Amino acid sequence: MTQKLIQVEKLQNFINGKWYEPSNRLHTAVTNPATMETLVQVPLSGLEDVKAAAEAAKKAQKNWALVPAPQRAEVLFRVGMLMKERKETLSQLLTMENGKVIEEARGEVQEGIDMAFYMAGEGRRLFGQTTPSELKDKFAMSVRSPVGVVGIITPWNFPIAIATWKSFPAIVAGNAVVWKPATETPIMAYELAKIFEEAGLPEGVINVVFGSGSTVGEAMIDQEIIRVISFTGSNSVGRNIASKCGERLKKVSLEMGGKNAVIVMDDADLSLAVEGILWSAYGTSGQRCTACSRVMVHKDVKEELEERLQKEIAKLTIGNGLDASVKVGPIINQGGLEKIKQYMKIGKEEGATLLTGGFTLEEGEHASGHYFAPTLFTDVAPSMRIAKEEIFGPVVSLIPVESLEEAIEINNSVEYGLSSSIFTRDVNKVFTAQRDLDTGIVYINAGTTGAEIHLPFGGTKGTGNGHRDSGLAALDVFTEWKSVYVDFSGKLQRAQIDVE
Ligand SMILES: NC(=O)c1ccc[n+]([C@@H]2O[C@H](COP(=O)([O-])OP(=O)(O)OC[C@H]3O[C@@H](n4cnc5c(N)ncnc54)[C@H](O)[C@@H]3O)[C@@H](O)[C@H]2O)c1
Ligand SMILES: O=C[C@H](O)CS(=O)(=O)O
């Protein structure tokens with residue numbers, strides 16, 4: 001399988017439309033988290049490679065910005081068509097490098113395809129505004145200008161979708177890109193770069209530099225040429241990037257972690273709630289920024305929900321995501337697994353009751369991957385660390401509540417604000433919840449995952465810094481507003497002079 005899908009043993013950087021070894025010749029192995037098989041070697045590039053990429057981007061951007069936006073969009077349209085043709089291959093490669101089950105991998109690749117066509121459409125819009133002028137024979141308007149060269153830094157958990165959320169709006173708006181993908185999942189970046197190349201994107205408009213965050217990522221922030229950093233990843237890395245960009249007065253867009261909750265009220269359709277919790281908590285093994293990791297359940301339905309959840313969790317098949325019958329894949333690496341194990345200890349010490357799971361799977365077909373059993377804690381207090389901190393694994397904490405107001409207060413008490421959901425049949429509760437839940441995304445009678453690409457994606461408080469990926473909001477990250485005044489009176493008219 002691996003042999004057939006990956007045609008190279010060593011990946012190379014993609015700079016100025018050509019493939020290069022990293023200047024230091026250093027590489028590291030990329031492993032399949034389901035099998036521990038080595039998939040490919042990825043460059044551990046250095047400063048020289050980042051500099052070359054930034055300079056190539058600067059040179060290319062000048063001409064790219066002059067290409068009419070509808071023509072820029074046509075390239076994205078071709079990118080979308082190529083992704084569509086290769087959807088199955090891309091999905092299998094994604095499962096192999098990331099571990100997510102094949103149906104989720106197909107869903108992620110589809111997000112990228114959708115984003116290509118959506119942003120291709122923007123090539124014929126990129127709307128600005130015209131406004132009346134204060135003066136006679138004068139015209140006023142505002143237009144979006146590209147920022148110039150943008151840097152994008154992406155995580156391993158959505159290695160292709162998040163890259164498209166950032167690079168496609170940047171490119172259609174007339175920018176050139178330097179992209180550092182996560183070292184754990186470089187194959188999606190390699191495949192997407194090849195697609196850009198085949199779609200006819202001019203050389204230098206996208207440049208991919210593989211390597212570590214501390215070397216390549218930090219070098220990108222240091223490049224004066226790079227005017228914006230768009231980052232998705234953990235809160236700690238995001239904070240560090242924000243402070244470095246702050247010192248350099250560099251625009252920065254951050255999408256970070258979550259501690260997302262489902263609220264189950266006493267009038268909820270419990271079958272629906274169980275399905276929503278299962279999918280959003282244990283899908284992708286809980287390794288989504290939007291994964292459900294808390295459930296605030298009304299005390300009158302708590303016991304029934306616990307029973308139903310345990311019954312359904314027992315049916316989840318865990319294993320290699322390429323097997324279509326598997327519902328829960330592996331954890332990305334040993335570090336991720338150790339972090340989850342640590343929270344099992346913390347939860348028990350804090351006094352939570354472990355209903356199911358809480359252990360690694362190491363026997364038989366699970367012997368060579370990083371597998372963790374879907375886990376359910378109950379009687380969790382909102383103050384416990386397992387109810388407050390991002391675990392990034394298949395772990396849910398049930399928190400009993402007596403009212404909607406209490407559930408909302410608990411939801412809003414954590415440092416993050418990405419996604420939340422409520423199951424209820426009461427329209428008054430629906431509207432109260434959508435208004436009062438302090439998260440960037442709210443679902444009604446659905447789990448906490450499943451964002452659509454034409455809506456803004458991001459969160460409040462520790463999840464972000466006010467910017468959004470996806471939707472039209474993404475264009476705000478990659479453009480500057482320029483206000484233009486055209487005076488056709490033939491004389492020098494002066495605004496702000498009182499002529500009465
Ligand atoms: N809000 C969202 O949209 C969203 C979406 C997906 C994932 N996430 C978050 O991402 C995290 C999981 O991803 P991860 O483990 O890859 O995150 P991470 O923060 O470890 O890494 C993200 C990216 O930043 C790079 N990086 C690391 N150190 C850096 C540094 N000092 N300077 C510059 N770049 C650096 C990494 O190499 C990687 O490419 C979770 O916290 C998850 O919630 C958020
Ligand atoms: O991060 C990318 C995901 O697609 C978002 S969601 O979990 O599907 O909402």
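Indexing begins at 1, ligand by ligand and atom by atom, following the structure's order. Bear in mind the structure is a predicted one, so any value in this text is a computation, not a measurement.
For ligand 1 and N157, the ligand atoms under 4.0 Å from any heavy atom of the residue are 6 (C), 7 (C).
Assignment of T232 to the shell around ligand 1 is supported, since a heavy atom sits closer than 4.0 Å. Residue contacts with ligand 1 include I162, since one or more of its heavy atoms lies under 4.0 Å from the ligand. Taking 4.0 Å as the cut-off, F392 counts as a neighbour of ligand 1 on heavy-atom distance.
Here the shortest heavy-atom distance to atom 40 (C) of ligand 1, taken over E390, K180, K259, belongs to E390. For atom 30 (C) of ligand 1, the nearest non-hydrogen atom from the set P159, G213, P155, A189 comes from G213.
E197 and K194 are not joined by a salt bridge, as no carboxylate oxygen comes within less than 4.0 angstrom of a charged side-chain nitrogen. Here R248 pairs with D222 in a salt bridge; the nearest charged N to carboxylate O distance falls below 4.0 Å.
Formation of a donor-acceptor pair under 3.5 Å by the Q434 side chain with backbone atoms of F431 is found in this model. Of the possible polar contacts, none joining the E122 side chain to the P169 backbone as a donor-acceptor pair under 3.5 Å is found. For K100 (side chain) and L94 (main-chain N/O), no donor-acceptor pair under 3.5 Å exists by modelled atom type. Judged by distance alone, the side chain of S293 and the main-chain N or O of V396 form no donor-acceptor pair under 3.5 Å. A donor-acceptor pair under 3.5 Å links the side-chain atoms of T375 to the main chain of G358, judged by distance alone. Checked by atom type and distance alone, the side chain of N175 pairs as donor or acceptor with a backbone atom of A170 at under 3.5 Å.
A donor atom on one side chain and an acceptor atom on the other are not found under 3.5 Å apart for N260 and T290. K166 and S253 form no side-chain donor-acceptor contact under 3.5 Å, judged by distance and modelled atom types alone.
Atom 25 (C) of ligand 1 has its closest protein heavy atom at I153 CG2, 3.6 Å. Distance from atom 14 (P) of ligand 1 to its nearest protein heavy atom, with residue and atom name: W156 NE1, 3.3 Å. Shortest contact from atom 38 (C) of ligand 1 to any protein heavy atom: T154 O, 3.3 Å. In terms of protein heavy-atom proximity, atom 1 (N) of ligand 1 is closest to M256 O, 2.6 Å.
Distances from atom 21 (O) of ligand 1 to the protein include no heavy-atom value under 4.0 Å.
Identified under the salt bridge (charged side-chain N to carboxylate O under 4.0 Å, His left out) test for residues 149-163, with sequence neighbours left out: none.
In terms of polar-atom proximity, defined here as any N/O pair under 3.5 Å, D469 makes no such contact with ligand 1. Considering backbone and side-chain atoms alike, T463 places every N or O at 3.5 Å or more from each N or O of ligand 1. Considering backbone and side-chain N/O atoms, T183 never comes within less than 3.5 Å of an N/O atom of ligand 1. Residue S234 has at least one N or O atom closer than 3.5 Å to an N or O atom of ligand 1. Between S212 and ligand 1, no N or O atom pair is found at a separation short of 3.5 Å.
No option in Y118, F231, F457 other than F457 meets the ring-ring contact (aromatic ring centres under 6.0 Å, His included) test with W165.
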Ligand 2 N/O to protein N/O, distances under 3.5 Å:
unit_1   : atom_1 : unit_2 : atom_2 : d
ligand 2 : 4 (O)  : E111   : OE1    : 3.4
ligand 2 : 4 (O)  : E111   : OE2    : 2.5
ligand 2 : 7 (O)  : R288   : NH1    : 2.9
ligand 2 : 7 (O)  : T290   : OG1    : 2.4
ligand 2 : 8 (O)  : R288   : NH1    : 2.7
ligand 2 : 8 (O)  : G450   : N      : 3.2
ligand 2 : 9 (O)  : G450   : N      : 3.0
ligand 2 : 9 (O)  : A451   : N      : 3.0

For residues 331-338, which side-chain N or O atoms pair as donor and acceptor with protein atoms under 3.5 Å away, sequence neighbours left out?
unit_1 : atom_1 : unit_2 : atom_2 : d
N333   : OD1    : G335   : N      : 3.3
N333   : OD1    : G336   : N      : 2.9
Q334   : OE1    : H370   : ND1    : 3.3
Q334   : NE2    : E338   : OE2    : 2.7
E338   : OE2    : K341   : NZ     : 3.4

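Looking at residues two or more places apart in sequence or on another chain, you find a ring pair (Phe, Tyr, Trp, His ring centres under 6.0 Å) between F117 and F77.
Contact annotation for F457 and ligand 1: only side-chain heavy atoms (C-beta onward) come within less than 4.0 Å of the ligand.
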